[in-house]
Amino acid sequence: MDTLIIRYEKLFSIAWVHADFPGPGNGRNGAASLADELTVEPDAPTSVRFANHGIIPRVEDGALCCYIRTEALHDRPFHPLPPDFSARFLLKASDALIARSALAPHVGGERLYHVRVKLKSTVSGVRLTDSLLASVASATPDLVFLPGYADRPDRWESRTVAISGCLGVLDIVTEGNGKNRLFRQEASQLLNYTVGNGKADQHLYTVTLKA
């Protein structure tokens, strides 16, 4: 009888810090209540990319954890990641969480907190401040139908639109001038932030909502 081993390890995790919601080290109930007030969802292109590379996002203990399918015997992606790997997550917070945080009261229209996590930078965290508020273009443009007239046929036009209706946008991008922090060895794609490598409690980046 053949045995099929499907193995997943942690690719990276992003921690959320809020003074009113202690993390699992100080009480798991606090972390759970923060998860009830804050949702983190991949945008449409990221969802497709994750499906193609065996990546599963989950919110656990006050952190966004992304697990990737790996080779059965090695900490390497089962489906190799592209050199320009990126991911985008939309952050949505309850009114109660916004009221209990030092956040801009007008956030939620087209002015959002835009956090960029550069994989080749040593910066490991940020606090949400007004300096991060920006208009962020959606990776999925709208298609607008334009009726034809005279000798011009009907056509569809692609138009860039701004993301709206959420707290912020978290972009993970392969930028910077250092070593790619996803990998111990970038050429072979040996993973760095994995449970198997003893780093289950370490995070790629920390976002502080309230200190």
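- Side-chain atoms of Ser86 never come within 3.5 Å of backbone atoms of Ile172 as a donor-acceptor pair (strictly under, hydrogens ignored).
- Here the side chains of Leu204 and Val117 are in contact, with some heavy-atom distance below 4.5 Å.
- Remark: Pro141 engages Ser158 in a side chain to side chain contact (heavy atoms under 4.5 Å, CB included) (not counting sequence neighbours).
- The environment of CG in Asp154 is crowded: more than 12 heavy-atom neighbours from other residues, nucleotides or ligands sit within 6.0 Å.
- Atom CG of Leu81 is separated from atom CD1 of Ile55 by 5.5 Å, given to the nearest 0.5 angstrom.
- A 4.5 Å side-chain heavy-atom check between Leu128 and Val115 finds at least one atom pair inside the cut-off.
- Sparse packing is recorded around NZ of Lys118, with 12 or fewer heavy atoms of other residues, nucleotides or ligands lying under 6.0 Å away.
- Side-chain contact between Tyr205 and Val123 is present, with at least one heavy-atom pair separated by less than 4.5 Å.
- Atoms CZ and CG, from Phe50 and Leu11 in turn, are 7.5 Å apart once rounded to the nearest 0.5 Å.
- Note: the hydrophobic cluster containing Phe78 does not contain Tyr67 (ILVMFWY, side chain heavy atoms under 4.5 Å, direct or indirect links).
- We find that Arg49 and Asp43 are not joined by a salt bridge, their nearest charged nitrogen and carboxylate oxygen being 4.0 Å or further apart.
- To the nearest 0.5 angstrom, Glu9 atom CD is 5.5 Å from Asp75 atom CG.
- Counting heavy atoms from C-beta outward, His53 and Pro82 have side chains that approach closer than 4.5 Å.
- Taking the side chain to side chain contact (heavy atoms under 4.5 Å, CB included) definition, one finds that Ser138 meets it with Thr140, Val161, Ile163, sequence neighbours left out.
- Val169 has its side chain out of reach of Tyr113: every pair of non-hydrogen atoms, C-beta onward, lies at least 4.5 Å apart.
- Taking CG of Leu97 as the reference point, atom NZ of Lys92 lies at 14.5 Å (rounded to 0.5 Å).
- Summarising the geometry, atom CG belonging to Leu182 is positioned 4.5 Å from atom CG belonging to Leu119; distances are rounded to the nearest 0.5 Å.
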Check step by step if side-chain contact (heavy atoms from CB on, under 4.5 Å) holds for Thr208 and Trp16. CA-CA 6 Å; Thr208 301; Trp16 313 104; over 6 Å; no
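- By the rule that hydrophobic residues join a cluster once side-chain heavy atoms approach within less than 4.5 Å of another member, Ile98 and Val126 end up as members of one cluster.
- Distance check: Arg184 CZ to Arg76 CZ gives 10.0 Å after rounding to the nearest 0.5 Å.
- Counting heavy atoms from C-beta outward, Leu64 and Pro57 have side chains that approach closer than 4.5 Å.
- Following chains of ILVMFWY side-chain contacts shorter than 4.5 Å, one can reach Ile14 starting from Phe85, so the two form part of one hydrophobic cluster.
- Heavy-atom neighbours of Asn177 CG from other residues, nucleotides or ligands within 6.0 Å: at or below the threshold of 12.
- By the criterion of side-chain heavy atoms lying less than 4.5 angstrom apart, applied directly or through intervening Ile, Leu, Val, Met, Phe, Trp or Tyr residues, Phe89 is grouped together with Leu132 in one hydrophobic cluster.
- Applying the side-chain hydrogen bond (donor to acceptor under 3.5 Å, both in side chains) criterion to Thr174, with sequence neighbours excluded, gives no partner residue.
- Shown are Gln185, Gln202, Lys199; of these, the side chain to side chain donor-acceptor pair (under 3.5 Å) with Asn192 is made only by Lys199.
- Placement of Val17 and Leu170 in two distinct hydrophobic clusters is found when ILVMFWY residues are connected by side-chain heavy-atom separations under 4.5 Å, directly or transitively.
- In this structure, Arg69 forms no cation-pi arrangement with Tyr8, as its terminal cationic atom is not both closer than 6.0 Å to the ring centre and no more than 45° off the ring axis.
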